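Presented below is the structure to which this report refers.
As the structure is a prediction and not an experimental result, all values here were calculated from the model. Both counts, for ligands and for their atoms, begin at 1 and track the order of listing. Residue numbers start at 1 and run along the sequence shown.
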Amino acid sequence: MSSDFKNNPLNDPLSNNIYLQALNSAKSGIIITDNRQQDNPIIYCNRAFEEISGYSHNEIIGHNCRFLQSQDRGQEERQIIKKAIKEGEECKVEIRNYRKNGSLFWNELIISPVKDDEDNVTHFIGVQNDITLRKKAENELREEKSSVEKKILERTKELQENHAFLSSIIETVRESLLVLDVDYRVLSANSHFLTSFKVTQEETVGKILFELGNHQWDIMLLKQLLTKILPTNNPVIDFEVEHDFPYIGKKIMLLNAYRIEFEGQYKDRILLAIEDITEKKEIDRRKDDFLSIASHELKTPLTTIKGFTQLLERMIPEGSSEKFITTLQKVSLNVDRLNNLISELLDTSKIQSGNIEIHKEPFKIDKIIHEAVDNLALASPSHNISVNSDTNATILGDELQITQVLNNLVSNAIKYSPGSSQIDVYCNRVGNFIRISVTDYGMGISQQDQKKIFERFFRVRDIQKKFPGMGIGLYICQEIIQNHEGTLWVESEIGNGSTFNFTLPIQKI
Ligand code: ADP
């Protein structure tokens, strides 16, 4: 503003009054300072300025504007104002000011110089607006923005970390993993899949699973399996598939497939895990072959030894010493034991190859229970075996095999209860079945081991060294009972003994 303040039409008192009224009705605070006087004092302020600052007209006139900043003197804006005043220029700043009661308000201040004819600055006009609310809103917006940005950064970092974590797991597992969409299109494949099936990322990702590598995955069973998963949410667990792949040959695979669940929602994605068990199967097969050959080879000379021992027993010379006779009996007993062990081994390999034969004929169950227990009781005077079997039931089955089961269960009951002498064998009718229980009060079996004792070669860890055995007796028993349409199970508590039960259907008359 470069109008002459003194030669203004405002010198006319009427106009002067009008202008003053106009200034007083303005919403912005207005002050005029006299630059020609020392320390540039305020010589005029309007009503709005009084309202904004909280000071009265009398408290304002004669003061330099700086009182508005109170003790807050370090603000950069002060330097801008100082420079503008010194150089007689206009300026606009947003500055922290304080009302009379000490409360802060943000002041948007515009300063304009008033110059005389010689271009000397005579006055400054200061126009002030209280922008506290705007500033507050701006600050809140800025804070909100920075907190949102911070949250986005944190979430992005978290996602990146999760992604890196998952990727490293997926890449490290020694199993082939594929993620498929609803059309069985491959969304991702891990490196184990690519190396195992000799394919590249480009040849795999984005392609339909069944069309991969010249349709080498076009396997009927796999197709049926996958089509079952999506609609039901039921995972497919340990599904064995054998397939002849054009490039890598015959493979036996274990497939596991899950519908992917994310935050409780099922997505139309399938995670397919493919484990190549070809080698494991081959090793198992070799082990089974070895067992079968070894037990056959051992059985032949043993049968000859058994024959000769029986011959010797029949040919004991008159007057032979007691020692000679008991030695021969011991040889015979141990040949029998060895024979039983080898027979068990042979049975397992027969079960494995599906060659176990059953010769079913009707027999009375009570009779064979009593016979089996009597024989075992003779050989184990340390134990008292009570029998309760009076069912008069007839079973259609392989008498020798059922006797084998009874022998096994009662021998185990004797073997695994060294500290207690009582064993109870009980047989009763339950509907169309008979149920046989063999109870001992010995060491018992933990819940965890109970799930495994019917597996081939499983023996409870702690007892392995103390008690002889190969861990196949129960496996054979289970097989025999299943082949007779019955079930075999155990109830046991560690330290409190075990009860092995099995059922067999009664022959209808
Ligand atoms: P083996 O007795 O030759 O080890 P089995 O197949 O008959 O093999 O039994 C498997 C395992 O089950 C045994 O090694 C033993 O740990 C456990 N077991 C079987 N019967 C009993 C029993 N009556 N009490 C405690 N443990 C038993």
Side-chain angles (χ1 to χ4, degrees), residues 284 287-288 291-292 294-295 298-299 333-334 336-352 356 369 372-373 375-377 379-380 382-388 400-427 435-484 486-503:
D284 275 354
K287 195 176 71 194
D288 290 341
L291 272 179
S292 141
S295 38
L298 290 170
K299 188 102 188 168
L333 190 78
N334 280 296
D336 283 345
R337 273 197 194 149
L338 198 56
N339 209 13
N340 282 340
L341 286 175
I342 293 171
S343 298
E344 277 197 340
L345 272 180
L346 259 176
D347 283 349
T348 13
S349 56
K350 278 188 200 151
I351 292 172
Q352 278 309 104
I356 199 145
I369 292 177
V373 171
N375 282 337
L376 286 162
S380 319
S382 58
H383 282 76
N384 172 40
I385 314 173
S386 82
V387 188
N388 190 335
L400 279 179
Q401 289 185 7
I402 300 300
T403 308
Q404 193 180 342
V405 173
L406 278 165
N407 280 340
N408 232 312
L409 297 184
V410 180
S411 311
N412 276 352
I414 296 169
K415 185 159 64 165
Y416 298 113
S417 62
S420 98
S421 56
Q422 186 59 32
I423 286 165
D424 298 322
V425 180
Y426 188 75
C427 178
R435 178 174 127 161
I436 299 169
S437 331
V438 179
T439 303
D440 68 65
Y441 303 90
M443 58 183 58
I445 309 159
S446 73
Q447 288 287 330
Q448 217 178 358
D449 289 333
Q450 284 176 35
K451 290 183 202 134
K452 298 186 191 151
I453 52 172
F454 298 101
E455 286 171 15
R456 211 159 47 124
F457 306 123
F458 180 83
R459 309 200 67 218
V460 174
R461 248 170 193 284
D462 331 335
I463 57 106
Q464 285 200 33
K465 289 190 191 104
K466 284 190 238 155
F467 303 91
M470 294 191 293
I472 47 180
L474 288 178
Y475 169 73
I476 296 170
C477 292
Q478 170 103 304
E479 190 70 20
I480 291 175
I481 297 302
Q482 273 172 8
N483 284 341
H484 282 80
T487 49
L488 167 65
W489 73 100
V490 64
E491 283 152 19
S492 181
E493 209 177 285
I494 203 103
N496 281 333
S498 316
T499 298
F500 281 84
N501 308 279
F502 66 91
T503 55

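Given atom 12 (O) of ligand 1, the protein heavy atom at minimum distance is Ile453 CG2, 3.2 Å. For atom 7 (O) of ligand 1, the closest heavy atom belonging to the protein is Asn412 ND2, 2.8 Å. Ranking the protein heavy atoms by distance from atom 21 (C) of ligand 1 puts Tyr416 CD1, 3.4 Å first. Looking from atom 8 (O) of ligand 1 to the surrounding protein, the closest heavy atom is Gly471 CA, 3.1 Å. Of the protein's non-hydrogen atoms, the one nearest atom 23 (N) of ligand 1 is Asp440 OD2, 2.9 Å. Of the protein's heavy atoms, Ile445 CG1, 3.3 Å lies nearest to atom 26 (N) of ligand 1. At the shortest separation from atom 4 (O) of ligand 1 among protein heavy atoms lies Arg459 NE, 2.5 Å.
Checked against salt bridge (Lys or Arg N to Asp or Glu O under 4.0 Å), Arg435 has no partners two or more places apart in sequence or in another chain.
At distances below 3.5 Å, at least one donor-acceptor pair connects side-chain atoms of Ser380 with backbone N or O atoms of Leu376. A distance-only check finds a donor-acceptor pair linking the side chain of Gln450 to the backbone of Ser492 [under 3.5 Å]. His484 places no side-chain N or O within donor-acceptor distance of the main-chain N or O of Glu479, the cut-off being under 3.5 Å.
The atoms of ligand 1 that sit less than 4.0 Å from any heavy atom of Gly469 are 3 (O). Near Val460, the atoms of ligand 1 lying under 4.0 angstrom from a non-hydrogen atom of the residue are 14 (O), 16 (O). Every atom of ligand 1 with a heavy atom of Ile472 under 4.0 Å away is listed here by number and element: 6 (O), 8 (O). Annotation for ligand 1: atoms under 4.0 Å from non-hydrogen atoms of Lys415 are 1 (P), 2 (O), 3 (O).
The residue among Tyr441, Tyr475, Phe458 with a heavy atom at the shortest distance from atom 10 (C) of ligand 1 is Phe458. The closest non-hydrogen atom to atom 9 (O) of ligand 1, taken over Leu409, Thr499, Leu474, Val490, comes from Leu474.
Distances between N or O atoms of Gly444 and those of ligand 1 include no value under 3.5 Å. Here's the thing with Met443: none of its N/O atoms is less than 3.5 angstrom from an N/O atom of ligand 1. At least one N or O atom of Met470, backbone or side chain, sits closer than 3.5 Å to an N or O atom of ligand 1.
Counted by atom type alone, Ser292 and Lys350 present zero donor-acceptor pairs between their side chains at under 3.5 Å. Ser386 and Asp424 form a side-chain donor-acceptor contact under 3.5 Å, judged by distance and modelled atom types alone. Side-chain atoms of Ser411 and Asn408 form no donor-acceptor pair, as typed in the model, at a separation below 3.5 Å.
Contact analysis leaves Phe454 out of contact with ligand 1, as no non-hydrogen atom separation drops below 4.0 angstrom. Ligand 1 has at least one atom lying under 4.0 Å from a heavy atom of Ser498.
Under the salt bridge (charged side-chain N to carboxylate O under 4.0 Å, His left out) criterion, no residue pair touches residues 337-347, with sequence neighbours excluded.
Note that CG of Leu409 is 6.0 Å distant from CG of Leu488, once rounded to the nearest 0.5 Å.
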Using side-chain hydrogen bond (donor to acceptor under 3.5 Å, both in side chains), reason through Thr499 and Ser437 one step at a time and then give a plain yes or no. CA-CA 6 Å; Thr499 298; Ser437 331; over 6 Å; no
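Side-chain rings of Tyr475 and Phe454 stay apart, their centers remaining 6.0 Å or farther from each other.
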